[in-house]
Amino acid sequence: MKKVTYNFNQLESKWQTWWDRKLLNSTNIEAAKKPYYNLMMFPYPSAEGLHVGNMYAFTGSDVYGRFKRMQGYDVFEPIGLDGFGIHSENYALKIGRHPMDHAKITEKNYYGQLHRIGAMFDWSRTVETYDIDYYRWTQWLFVQMFKHGLAYRSKAEVNWCPSCKTVLADEQVIDGKCERCGNIVEKRSLEQWFFRITAYAGKLLENVAGSAQGGVNLDWSEKVRIAQKNWIGKKEGINITYPVVDEQGKSVGEVICFTTRPDTNFGATFVVMAPEHPFVNQLLSVIEKNKRAAITKYINAAYNKSESNRIAEGRKKTGAETGLYCINQLTGQKMPLYISDFVVMGFGTGAVVGVPGHDLRDFEFATAFHLPIIRVVKGVDGDMSSITKSAQVQEEEGVMMNSGFLDGLNIHKAIDAMMDYLEKNGWGKRIVTYHLRDWLISRQRYWGPPIPMIFCKECAKNGKSWFTTDEAASLGVSFTAHSSSSKSNNQSARSEKSVTVLEKTRLAAASEMAGWYPVPDDKLPVVLPRIDDYKPGNDGVAPLAKHKEFYETTCPGCKAKAVRETDVSDTFLDSSWYFLRYPSVNKKIENRRSKVDRENVSSIFNPLSSQLPWDLKVTRRWLPVDMYTGGAEHSVLHLMYSRFVTMALKDWGLVDFEEPFTRFYAHGLVIKDGAKMSKSKGNVVNPDEYIASYGADSLRLYLMFMGPFDQGGDFRDTAMEGMSRWVGRIWRLWEAIATNNSDCSDKVKSALQKLIQKVGDDLEKRRYNTAIASMMEFTNLVADEEGQIGKNEFKQLVLLLAPFAPHVAEELWFLLSGKKESEYSAKDSVHVQLWPAFDLTKVKEERITLVVQVNGKVRDTISLSQKDGQDKAHVEALVHASERVKRHIEGKRVVKTIFISGKLMNLVVV
RNA sequence: GCCGGGGUGGCGAAAUGGUAUACGCGCAGGACUUAAAAUCCUGUGGUGAUUAAACACCGUGUGGGUUCGAGUCCCACUCUCGGCACCA
């Protein structure tokens, strides 16, 4: 910790105050001529304050925003807090503070820190997700989802975190553990609210895979696009129907199996269902008593098995025999039907046909249960013997055999031929399935937006719901309880035509929504009351469920007594639309400055018009987001949810674009002592202390210099000394100019032109580390020239420095202006100057260095004029005159001479 | 298992197929100073050789290949970091 020759603490706070006072960073949303929306993922407060990893990300985003502004764009760079939800609540619980009080404290801390890093945030338009003015609209979004059939309630096997005491969406379970607390997640069968994100699976995939026809081409980090692709997990295959019979051959129903490899179906020898498969219940009534007990036992064991147990068990195959058979209609063969937990209910149909010769899992199962194994593919190794070892199981390539009409075809052709055949006979139907599941949106927690739904027993009894109201009819989504109820499930997104899918799913949803009404628009928001028993319980019931005064209400349909939903929505819903809010934030219904009193419920149920949370005109101008920066850990979380919400809004005609983020840049992670910064590892670095001892500018520079922005880096404080030194050197350059108004050499002038080009290029590519390095090279060159730099050249250097070190750049620019403080206006600020232009014709380099090689090895270098360097004969003469070259070609014959004009000559000798 | 990054000095890292290790840290030596801090200067991949310089050889995870020339392109492998995973 050391001192620099200028007082950075004083200087930085001086300019931060000045920028605020001059509204330098408050974008004029309405008047902007060249809007550029530069957004960084807003932080979710899960600690007392930001750590240096957060600052790294914000700085990287800010450097780019500042660069764009200097290129003449009206850059909007907003900031906010994602402080509603489980992250913040868990921390509040940990330190024993009420989440509402905690929110106020984190707001102060986070905003204070975000101020001190010197980013160009527009502090006049912040968004806090726990603000009533904000979550009122989060609830509105939920209602819209419901009315459009994209929100539904369903009993399902869901992830339950025993530590957070709530359910979680699939995306929020990482390696069988809770995304928030790291505890092992259990399965519970609960009735929950879901968002039908699967209805958009096709479109979500197309755009991100770049396969959209006339669609959107996303300029996104490759690894994020691939992660989304994998998560959506599109598989094209076929659903094959197998009739099921008992020992006597009597028909007892049918089982549908999904497969991508129907070509191997002549080799099928058994069928396996997941323990959760609906057919299991059905068959329990038809099978022998002694088998029934065994099956029930197996199923119960499977239910109670946690995810971690399953993982620990590895590939060991267990199962229960049903005594029933599926008929392979290709061959007429009877295939025994089993129940096993290696088949998962959530994918395909929850039942698979076993082809042990050509699928490793099937092979393992067949071996464990002594089932026949038939070879139907001759592999690339030509092996045609019977399959007895797992190494013989052919999966990827081969030619069909023992397969009737398929014999001799390669497997890829055979797949198509078989699908055609099965469809023609009515035994199968081609199908597309996705790994993506519907978004489980309810949380049994306190700190979130109450789900704005009301349940009425009376209406439920009468088959009434919002879908039977006049409003629904006027929106064209009416539904009567008597129409056929097609069972909706998580795999309903199959057709590529989203309109018809939406119509279907909407009706399907309506049929199951008897008794449910959304809170009418004019009764929003449903305010989260302040309660003292806010801790989550073990019973799967939200804290609000213990508060009659909250949940007792009247039915919007029949006016009878009814109850509110007491679960709150997932945090990721809060952040799924915040980018739409920022530019329109001044459109808040109430006066921005007089926030609605959170405690006073009666003042909140204000009649509201059917306005939108965003201004359509503003939104058309500013969205989608031009540049979005954030962590890759949100690849399948926030980024997927936001895309889904935006697509839905587009279909409802509320926005005119379907992708929220045109460009997304995934920044790297800051590592400390070889590990990701985290509280539990105790390696969290607080930026405050470094700002205090080195200044925000030096810290910013150091963070950007550590390595490429998309790779992150290892934080070490010793290296920051170097940055601090360099800033000091620049400061002293100014002192030299101030005292002896020096001019500089052509060498420096030429170098500056090249520097301007280099820094601009690097900034566009976000290669901040090399941009800074080249500025250092430039100042080193100036030092070699005895510190001689012209005032003009120095001014240009300050412009290049401005995005990285905004405070010191502003101070130097101010000093260079020669103005008094009172005369220095917002227009004079270094940050609104135009990025300097470069002119390479000004580059004067008389001498160049030409490399001389013999057989590709460098043996000498020749310094000569630009002009002579182009002259092959001249260079050749010099090369042959070189002592060093002579030594290596002596007694040998030059068979070839390679000449790259102005750069290199290579003599090939033998 | 599948899909993606990545392996370069003591460390963070740089290099449109053309002088590998720019820039920074660290380290060593020096200047300034009564001394320290700060600042500035010089050196810094390895081995060998030399009074010294010149010099030679080796060097970008491993093994091959293409090329006048490979950190960079191709093939095979290996380690590592991320994502997905009994997904049919």
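In what follows, chains carry the letters A, B, and so on, assigned in the order in which the sequence lines appear, proteins first and then strands, with residues in each chain numbered from 1. Side chains included, hydrogens not; waters and symmetry mates left out as well; all remaining heavy atoms used.
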query = Does a side chain donor of either Q870(A) or S901(A) reach within less than 3.5 Å of an acceptor in the other side chain?
reply = yes

key: Paired nucleotide for U66(B) [Watson-Crick or G-U wobble; both distances under 3.5 Å]   = none

key: Flag for T318(A)-Y298(A): side-chain donor and acceptor within less than 3.5 Å   = yes

inquiry  = Strictly below 4.0 Å, N to O, side chains only: are D762(A) and R767(A) in salt-bridge contact?
reply    = no

query = Should the pair Y694(A) and Y690(A) be assigned to parallel (<30°), tilted (30 to 60°) or perpendicular (>60°) ring geometry?
reply = parallel

query = K229(A) near the nucleic acid: base, sugar-phosphate alone, or nothing, with a heavy-atom cut-off under 4.0 Å?
reply = nothing

message = Please give the distance between the C1' atoms of G6(B) and U72(B) as a whole number of Å.
response = 15 Å

remark   = Pairing partner of U21(B), by Watson-Crick or G-U wobble and under 3.5 Å for both distances, is none

ask   = Contact class for V858(A) (heavy atom, under 4.0 Å): base, sugar-phosphate, or nothing?
value = sugar-phosphate

task = Give V908(A) one of three labels, base, sugar-phosphate or nothing, depending on what nucleic acid heavy atoms sit under 4.0 Å from its own.
result = sugar-phosphate

key: Under 3.5 Å on both distances, the Watson-Crick or G-U partner of U78(B)   = G7(B)

request  = Consider the side chain of N906(A), meaning its heavy atoms from C-beta on, and name the nucleotide among A88(B), G12(B), G18(B) that approaches it most closely.
outcome  = G18(B)

ask   = Where the side chain of E777(A) is concerned, which of C23(B), U19(B), C86(B) is the nearest nucleotide?
value = C23(B)

remark   = Considering only heavy side-chain atoms of V352(A), the closest of C86(B), U39(B), A88(B) is A88(B)

task = Determine: side-chain N/O of N230(A) to OP1/OP2 of G4(B), distance under 4.0 Å, yes or no.
result = no

query = Does A37(B) have a Watson-Crick or wobble partner in any strand here, with both distances under 3.5 angstrom, and which is it?
reply = none

inquiry  = Within the 4.0 Å heavy-atom criterion, would you say K903(A) contacts the bases, only the backbone, or no part of the nucleic acid?
reply    = base

query = At under 4.0 Å, does any side-chain N or O of R361(A) touch on OP1 or OP2 of G1(B)?
reply = no

inquiry  = Check this for me: does the side-chain of E721(A) come within 3.5 Å of the base of G24(B) through a donor and an acceptor?
reply    = no

task = Would you indicate which nucleotide in C23(B), A54(B), A56(B) comes nearest to any side-chain atom of R884(A)?
result = A54(B)

inquiry  = Counting only side-chain nitrogens and oxygens, does R225(A) get under 4.0 Å of the OP1 or OP2 atom of G4(B)?
reply    = no

request  = Identify whether any heavy atom of I900(A) sits under 4.0 Å from a base atom; if not, whether one sits that close to sugar-phosphate; answer base, sugar-phosphate or nothing.
outcome  = base

task = Give one of base, sugar-phosphate or nothing for D362(A), where a contact means two heavy atoms less than 4.0 Å apart.
result = nothing

Pair R361(A) + E364(A), salt bridge at N-O below 4.0 Å = no

ask   = Whom does G71(B) pair with, Watson-Crick or G-U wobble, provided both distances fall under 3.5 Å?
value = none

query = Taking the chi torsion of G17(B), is it syn (within 90° of 0) or anti (everything else)?
reply = anti

task = Could you check whether G233(A) gets within reach of a base, just the sugar-phosphate, or nothing at all, counting any heavy atom under 4.0 Å?
result = nothing

ask   = What does S774(A) touch in the nucleic acid at a heavy-atom separation under 4.0 angstrom: a base, only the sugar-phosphate, or nothing?
value = nothing

inquiry  = So, does R767(A) get its side chain near the phosphate of A15(B), meaning an N or O under 4.0 Å from OP1 or OP2?
reply    = yes

message = Return the pairing partner of U42(B) with a 3.5 Å limit on both distances, Watson-Crick or G-U wobble; otherwise return none.
response = A28(B)

message = I want to check one thing: is the phosphate of A85(B), taken as OP1 and OP2, less than 4.0 Å away from some side-chain N or O of H435(A)?
response = yes

ask   = So, is R859(A) close to the A54(B) phosphate, meaning a side-chain N or O under 4.0 Å from OP1 or OP2?
value = no

task = Could you tell me the separation between the CD atom of Q711(A) and the P atom of U80(B), rounded to a whole number of Å?
result = 19 Å

inquiry  = Rounded to whole Å, how long is the line connecting atom CZ of F8(A) with atom P of A38(B)?
reply    = 14 Å

Residue R729(A), side-chain heavy atoms: nucleotide from C40(B), C23(B), C87(B) that is nearest = C40(B)

inquiry  = I want to verify a distance call: between A15(B), C58(B), G24(B), whose nearest atom is closest to the K857(A) side chain?
reply    = C58(B)

query = Phosphate oxygens OP1/OP2 of A88(B): is one of them under 4.0 Å from a side-chain N or O of H358(A)?
reply = no

inquiry  = From the set C87(B), C86(B), C25(B), return the single nucleotide nearest to any side-chain atom of R725(A).
reply    = C25(B)

ask   = Between the side chains of R225(A) and S635(A), is a donor N or O closer than 3.5 angstrom to an acceptor N or O?
value = no

ask   = Between C55(B), A88(B), U19(B), which nucleotide gets closest to the side-chain atoms of T849(A)?
value = U19(B)

message = What verdict does the salt bridge (charged side-chain N to carboxylate O under 4.0 Å, His left out) test give for R430(A) and D416(A), after you've listed the backbone C-alpha separation in whole Å, the side-chain angles of each residue and the deciding distance to 0.1 Å?
response = CA-CA 10 Å; R430(A) 278 183 166 89; D416(A) 257 347; 3.4 Å; yes

remark   = Side-chain atoms of I898(A) come closest, of A85(B), C55(B), G18(B), to G18(B)

query = For G48(B), which nucleotide is its Watson-Crick or G-U wobble mate, given both distances must be under 3.5 Å?
reply = C55(B)

query = Can you tell which of G12(B), G24(B), C86(B) lies closest to the side chain of N780(A)?
reply = G24(B)

ask   = Within the structure, does a side-chain N or O atom of K223(A) lie under 4.0 Å from either OP1 or OP2 of G82(B)?
value = no

ask   = In Watson-Crick or G-U wobble terms, both distances under 3.5 Å, what is the partner of C84(B)?
value = G1(B)

request  = Before accepting this row, confirm whether a basic side-chain N of the pair K317(A)/D341(A) lies closer than 4.0 Å to the acidic partner's carboxylate O.
outcome  = no

